[in-house]
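Remarks on the structure that follows.
Naming convention: chains lettered A, B, ... in sequence-line order (proteins, then strands); numbering from 1 in each chain. The basis for the numbers below is simple: all heavy atoms, side chains too, and nothing from hydrogens, waters or symmetry mates. Owing to the predicted nature of the structure, the values given are computational and were not obtained by experimental measurement.
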Amino acid sequence: MPEGHTIHRAARDHRKVLAGQVLGVSSPQGRFAEGAKRIDGLLCTGVEAYGKHLIYHFEQGLSLHIHLGLFGKLRKSKLPLSEPKGAVRVRLVGPGHVIDINGPNTCEVLDEPELLTLTARIGPDVLRADADRDRAYHRISKSKAPIGRLIMDQSVMAGIGNIYRTEILWRLAIHPFTPGRELNRGDFDRLWEDAVALLEIGVWRNSIITTELVPKGRGRLTERVNIFGKKVCPKCKGNVECREIANRKVYLCEACQPAV
DNA sequence: TTGATTGTTACCGG
DNA sequence: TCCGGTAACAATCA
């Protein structure tokens, strides 16, 4: 489920619901390491996203670090408490709402130095105002690795996942196997700005939407993409190829995204 | 039961 | 040192 937009959306939402409140924190299906620092009954001082990592800040310099991985899910519901559904590893209980965190890849309490170590290894996040895009360009411009690998490398730039990778490169007519150092600054800036725009739409609509024409109206918002998982290129009607980069499927149109 | 999946990390060899 | 490949882990659904 989670690319960067999911996590940023949760951070913005959970901040409203939990920040400034003393939380009950439990682990119905135990996931905290034995001897982990306790955060239940502490004041939640903020919620923040760094790429796909979600950080709940608490008093005493402690924070809860969540990474949903491929399968994890967040579920918010109103009090009163209901039975946890599925593999709930952490349950955050505020004055009016409950956040259940199902099947996260990472779920740990960090102190300040540990949080610094974590954030230091996460690249500039396209959805963060403080992101330093020059840092991302610096890495990309020096690498011969395919751009399809680099933009999904969270230490190069954070937030893009497998679907956005395919969609962004198609929108910019960049072949996924293009070496990073072949991109000029203009290409990179367009790529960065398209990532920001698409992920912001994702946050707003709570769904991956990369097509230009999104039907208005109140219909249920489902995922709308151009070529991810498709057979026919919507632009040229040609064949969509499916290849692999970094062990994940990437789709491309050889006609619209010519190799360099 | 099998396979696939909007993710990450550790480890190994070139 | 860097880079690419592989395995492992996570949970759910068709």
Side-chain angles (χ1 to χ4, degrees), chain A residues 1-11 27-33 49-55 65-75 84-91 100-108 110 114 117-123 125-127 138-171 176-181 195 198-211 221-230 242-251:
Chain A
M1 208 51 159
E3 297 211 29
H5 68 290
T6 309
I7 306 306
H8 278 266
R9 181 183 170 93
S27 186
Q29 307 196 6
R31 231 340 125 121
F32 290 114
Y50 290 89
K52 302 171 187 173
H53 299 256
L54 187 55
I55 303 293
H65 169 212
I66 299 294
H67 193 294
L68 294 181
L70 201 47
F71 318 120
K73 286 187 172 55
L74 300 166
R75 183 183 295 116
K85 287 181 189 161
V88 176
R89 305 305 192 190
V90 190
R91 170 165 264 195
D100 278 339
I101 299 167
N102 285 61
N105 209 346
T106 302
C107 168
E108 58 187 359
L110 304 180
E114 290 167 332
T117 302
L118 169 69
T119 55
R121 69 179 168 79
I122 302 172
D125 176 350
V126 297
L127 284 181
H138 187 66
R139 284 279 300 275
I140 289 171
S141 66
K142 287 197 317 181
S143 176
K144 64 182 181 188
I147 190 65
R149 175 186 297 274
L150 293 167
I151 64 172
M152 215 173 68
D153 181 335
Q154 304 298 302
S155 71
V156 172
M157 51 191 281
I160 295 176
N162 199 35
I163 296 180
Y164 282 122
R165 155 172 86 167
T166 278
E167 293 293 312
I168 290 168
L169 293 176
W170 180 83
R171 285 164 56 94
F177 284 85
T178 306
R181 60 188 179 196
L198 291 184
L199 287 177
E200 284 289 2
I201 290 170
V203 171
W204 183 245
R205 306 289 298 264
N206 196 20
S207 179
I208 297 176
I209 296 166
T210 62
T211 52
L221 293 179
T222 55
E223 177 184 309
R224 293 176 198 280
V225 296
N226 293 293
I227 67 166
F228 187 87
K230 312 244 175 186
C242 181
R243 313 265 301 269
E244 276 200 2
I245 296 180
N247 257 338
R248 314 293 304 280
K249 286 181 176 172
V250 62
Y251 296 82

Contact class for [X] (heavy atom, under 4.0 Å): base, sugar-phosphate, or nothing?
X: A:Arg165; result: nothing
X: A:Arg149; result: sugar-phosphate
X: A:Gly86; result: sugar-phosphate
X: A:Lys73; result: nothing

| field | Any A:Lys52 side-chain N or O less than 4.0 Å from OP1/OP2 of B:dT8 | value | yes
| task | Using modelled atom types only, decide if a donor and an acceptor are shared between the side chain of A:Asn162 and the backbone of A:Lys249 within a distance under 3.5 Å. | result | yes
| field | Position toward the 5' end of DNA chain C (nearest nucleotide), A:Ser143 or A:Asn247 | value | A:Ser143
| CD1 on A:Ile140 to CD1 on A:Ile147, rounded to 0.5 Å | 4.0 Å
| Expressed in whole Å, how much space separates the C1' atoms belonging to C:dG5 and B:dT6? | 23 Å
| request: Return the value, rounded to whole Å, for the distance between atom CG of A:Leu68 and atom C1' of B:dT5. | output: 14 Å
| task | Quick one: do A:Leu54 and A:His67 satisfy side-chain contact (heavy atoms from CB on, under 4.5 Å)? Show the steps, please. | result | CA-CA 6 Å; A:Leu54 187 55; A:His67 193 294; over 6 Å; no
| request: Compare every heavy atom of A:His53 with every heavy atom of A:Ile7, then report the nearest pair and how far apart it is. | output: CG2-O, 3.6 Å
